[in-house]
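First comes the structure, then the notes that go with it.
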There are 2 protein chains.
Amino acid sequence: MPRKVDADERRRHVVEALFRVAVRDGLARASLRTVADEAGLNIGSLRHYFASQSDLMRFAMRAMLEQVGERMRHGLADLAGQRGAPAAQRIRTAGKLLGELLPLDDVRRAEVTVFLDFAALARTRPDLHDLADEAARGSRTAVRRILAYVTGLSPRARALDVETERLLSLLDGLGINAVLHPDLVTADDAVRVVDAHLRALAR
Amino acid sequence: MPRKVDADERRRHVVEALFRVAVRDGLARASLRTVADEAGLNIGSLRHYFASQSDLMRFAMRAMLEQVGERMRHGLADLAGQRGAPAAQRIRTAGKLLGELLPLDDVRRAEVTVFLDFAALARTRPDLHDLADEAARGSRTAVRRILAYVTGLSPRARALDVETERLLSLLDGLGINAVLHPDLVTADDAVRVVDAHLRALAR
DNA sequence: CGAAAGCTATCACAGCTGTGATAGAAAGGT
DNA sequence: ACCTTTCTATCACAGCTGTGATAGCTTTCG
């Protein structure tokens, strides 16, 4: 069975092309043809790796979610070892961790930008429902764990219900506004807002 | 100059049709043809009132922004008369007012839903930039005034900078999450979160 | 009445889209 | 060498899209 090219490598390459198109022109314009062009591939080749548009979209979104999830998991793992740290330091590490969900550099800016389009699109695309739900649940439990770390409460504490939703919505809105209105909300602004929230929470 | 039909009435009718399509299938599918069908009009008739797709889109968004803005203005006007009210009551009226930006009933749910699509679309559509900016600035000053009312500070106070961004992002994220994941965030949840934020703020 | 303006309806066209089908080229195992 | 599988490249088709042009209807004014 001949295989001169690494299929996984190719798929990654295509996903990167899709991201560039989506950031530049919007996810709606990331068609098979435009993505193939951006990747320097013929549409026939692209379709050899992705059977349909839905396949391509799902694969790309999965790749993004796993990329963010991986970073989050790494950060969360480090959390266990410093449960007794002073409040000021816990707030700092929590802020650093939550920053993974904010557009603080080009990579994360692209992630948030594409995710915004993706979330909006998934609302009316049944084939994307499961991924959108998975993302929503994943970010919720991550934020909840971070809140448990900051407050010292158990992750199962009822008191974290509204606080989780509060912080998560804050992060989502902050990221979106930073992406949509970079002149009104800079990366520094976003960090300041999260920091203020955590400090207010620690009282 | 013959005018058997009221043009403004017609335009409102078309905008309502656009909203129904956008809520149901997404703003991207609100084409001239689908909107004309939804409104029970021929595409030729529709194009007599809206010269281009951009015209239709801009008119519909303007109508929505003015609708929300009108409600906000009314609420903000009532605020001036109760500047000396007890904290608990000020929080309640502030919450009521901020609720105008949340999907707490069918009308506001439609507004937030369409606005999400609109904001995402405007990012890559130069002809919508001005409207998106106007909306962003408008909601910011409204939230800032409400915060001034709650805290007793001047609307021009530097201390309100981060608090405004914090509350506004919270509202945006909350509305979006309530629209995208109604099973995870109900209308009651949203109200509870805003209330918790305001109470934490009043300390 | 007649003319003019507002309004409705339809055709045509170019440019997209996803997808099915198919034909070659390239490469590795036997 | 040959054959099989992978991969690349095209063509064709139906279904959308916005938009220009145009013809005909309807209503109201002079």
Side-chain angles (χ1 to χ4, degrees), chain A residues 1-18 20-22 24-61 117-118 120-122 124-128 131, chain B residues 1-18 20-22 24-61 117-118 120-122 124-128 131:
Chain A
M1 52 284 262
R3 180 175 301 181
K4 71 170 173 188
V5 303
D6 184 354
D8 291 343
E9 235 282 324
R10 267 270 202 271
R11 280 185 239 265
R12 266 193 296 272
H13 180 68
V14 171
V15 166
E16 282 172 17
L18 182 143
R20 285 196 298 274
V21 173
R24 191 196 323 126
D25 304 323
L27 192 59
R29 285 194 179 80
S31 67
L32 293 178
R33 283 173 175 85
T34 60
V35 172
D37 286 357
E38 177 75 29
L41 291 177
N42 186 287
I43 185 180
S45 302
L46 194 148
R47 290 187 61 202
H48 183 256
Y49 298 97
F50 301 97
S52 68
Q53 196 268 356
S54 182
D55 259 36
L56 169 59
M57 194 77 95
R58 287 179 58 83
F59 188 91
M61 292 311 124
D117 273 15
F118 168 70
L121 187 64
T124 53
R125 288 256 312 232
D127 60 322
L128 301 179
L131 287 177
Chain B
M1 52 290 255
R3 180 175 299 181
K4 72 168 174 188
V5 304
D6 184 356
D8 290 344
E9 236 282 322
R10 266 273 203 269
R11 280 184 238 264
R12 266 194 295 273
H13 180 68
V14 170
V15 166
E16 282 173 18
L18 181 143
R20 286 195 298 273
V21 173
R24 192 195 325 126
D25 304 323
L27 192 59
R29 286 194 178 80
S31 67
L32 293 179
R33 283 173 176 84
T34 60
V35 171
D37 286 356
E38 177 76 28
L41 291 177
N42 186 286
I43 185 179
S45 302
L46 192 148
R47 289 187 61 202
H48 183 257
Y49 298 97
F50 302 98
S52 68
Q53 196 267 356
S54 183
D55 260 36
L56 170 59
M57 195 76 97
R58 286 179 58 83
F59 188 91
M61 290 312 126
D117 273 16
F118 169 72
L121 186 64
T124 54
R125 289 255 313 232
D127 61 322
L128 302 179
L131 287 177

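On a predicted model such as this, the values are computed, not experimentally measured, just so you know. Side chains included, hydrogens not; waters and symmetry mates left out as well; all remaining heavy atoms used. So you know, we letter chains A, B, ... as the sequences are listed, proteins then strands, and number each from 1.
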* Grab the CD1-P distance between Ile43(A) and dA21(C) for me, whole Å please. => 16 Å

* Minimum heavy-atom separation for Leu131(A) to Phe118(A), with atom names? -> CB-CZ, 3.8 Å

* May I ask you to verify whether the side chain of Arg47(A) and the base of dG20(C) hold a donor-acceptor pair under 3.5 Å? => yes

* **Shortest non-hydrogen separation from Asp127(A) to Arg58(A) and the atoms involved** => O-NH1, 2.6 Å

* Do any side-chain nitrogens or oxygens of Tyr49(A) fall under 4.0 Å of OP1 or OP2 in dT6(D)? -> no

* When the distance from CZ of Arg10(B) to C1' of dT26(D) is rounded to whole Å, what number comes out? -> 13 Å

* **Shortest non-hydrogen contact between Arg24(A) and Thr124(B), atoms and distance** => O-CG2, 3.7 Å

* Asked: Could you state the CD-C1' distance from Gln53(A) to dT17(C), rounded to the nearest angstrom?
  -> 9 Å

* Asked: Should Ser45(B) be listed as having a side-chain N or O under 4.0 Å from OP1 or OP2 of dC7(C)?
  -> no

* Please give, in whole Å, the distance from dC16(C) P to Arg33(B) CZ? -> 16 Å

* **Nearest atoms (heavy-atom pairs only) where Leu18(A) meets Met61(A)** => CD2-CE, 4.3 Å

* Asked: Which atoms form the tightest heavy-atom contact between Ile43(B) and Leu32(B), and what is the distance?
  -> CD1-CB, 4.2 Å

* Asked: Side-chain N or O of Ser52(A) less than 4.0 angstrom from OP1 or OP2 on dG18(C)?
  -> no

* Structure fact -> note: Asp37(B), atom CG; dT10(C), atom P; distance rounded to Å ~ 12 Å

* May I ask you to say what Leu41(B) touches in the nucleic acid, namely base, sugar-phosphate or nothing, with a heavy-atom cut-off under 4.0 Å? => nothing

* Structure fact -> From NE2 of His48(A) across to C1' of dA25(C) the rounded distance in Å is 13 Å

* In whole angstrom, give the distance that lies between atom CG of Leu32(B) and atom P of dG15(D). => 21 Å

* Asked: Contact class for Thr34(B) vs. all strands (heavy atom < 4.0 Å): base, sugar-phosphate, or nothing?
  -> sugar-phosphate

* To do: Find which nucleotide of DNA chain C each of Gly44(A) and Asn42(B) is nearest to by heavy atoms, and output the residue with the more 5' nucleotide.
  => Asn42(B)

* Asked: For the pair made of CG in Asp25(A) and P in dC16(C), what is the distance, rounded to whole Å?
  -> 13 Å

* Asked: Of Ala30(B) and Leu46(A), whose nearest nucleotide on DNA chain D comes first from the 5' end?
  -> Leu46(A)

